[in-house]
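Since the structure comes first, as structure tokens, the remarks are kept for the end.
Owing to the predicted nature of the structure, the values given are computational and were not obtained by experimental measurement. Ligands are counted one by one from 1 in listed order, and the atoms in each one are counted from 1 as well.
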Amino acid sequence: MKILGIKIDNLTKNQVFQKIDGFLKDDQQHYIVLLYSNFIVQANKDRYFQQIINKADLSLCDGKGLLFAAKFLNYLLKEQISGVELVKEISNRYSKIFLFGGTKESVEKAAIVLGSNIIGKADGYEDMDKVIGMVNQIQPEILLVALGMPKQEKWINENLKKMPSVKLAIGVGGAFDFISGKTKRAPRFLQSLGLEWLWRFIFQPWRIRRVFNAVIIFPWLVLKSYYKDVP
Ligand code: UDP
């Protein structure tokens, strides 16, 4: 399905893992995008970013706001696929994983928390060419990239081919910050109300622009699309 010009694959978590199993078996390279409301806002003004999302092997909904918006526009998404949960489960199920992104401290801690299937790591402030060299030396099959959006998706799009051992790359946003404990997730009741943004804003007020995009611009785009489609 497409919402506001953005492809969303409507899959359950189990179906996502069936797809990933397939990706790791064939001889091509794949990437997954984890969408939330700000992706839609960014893609709306950035054609290149929109194209990258739309040609991803999977683009999944990782945000309550986006889930609500889809429902409002009469698309029923089966499940929210949380990036943090996905990263944890991937590191339980598969081996040969490389973590790239986040601060030195957060990626190192995340690698420890995620365990022995993590075979390499690099923080997101290193020389990018050096990181590609490291990946090619270590030869992971899965590359989790945490540079924030849209940087991580663009980086994957431009560099995946240079790392032939990688069968699957995923942009995971701030996942290593959460897994390492650097950033605390909102309590579950706020998450289920779709108010995680409020929590993040209280603890990270410099995110005001992102909050504005999620709370004002995104609903505005959704409403515009709704009234355009109403006869
Ligand atoms: N980051 C990075 N290099 C950069 C910019 C950002 O490694 O040049 C990391 C940053 O440390 C953080 C993540 O990217 O761990 C972005 O997290 P954020 O929550 O801002 O991303 P979002 O979930 O909004 O895409």
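The six-membered or imidazole ring of W199 lies near that of F203, with a centre-to-centre distance under 6.0 Å.
Electrostatic pairing of R185 and E196 counts as a salt bridge here, judged by a charged N lying under 4.0 Å from a carboxylate O.
Every residue two or more places apart in sequence or in another chain that forms a salt bridge (Lys or Arg N to Asp or Glu O under 4.0 Å) with E89 is listed here: K13, R93. For D46, the side-chain contact (heavy atoms from CB on, under 4.5 Å) partners at least two apart in sequence or on another chain are Q42, Y48, F49, K154. Considering only residues two or more places apart in sequence or on other chains, K130 meets the side-chain contact (heavy atoms from CB on, under 4.5 Å) condition with E126, D127.
Taking 4.5 Å as the limit, some side-chain heavy atom of I170 sits within range of a side-chain heavy atom of I90.
If you look at ligand 1, the protein residues with a non-hydrogen atom under 4.0 Å away are Y36, G101, G102, T103, G124, Y125, A146, L147, G148, M149, K151, G173, G174, D177, R200, R207, R210.
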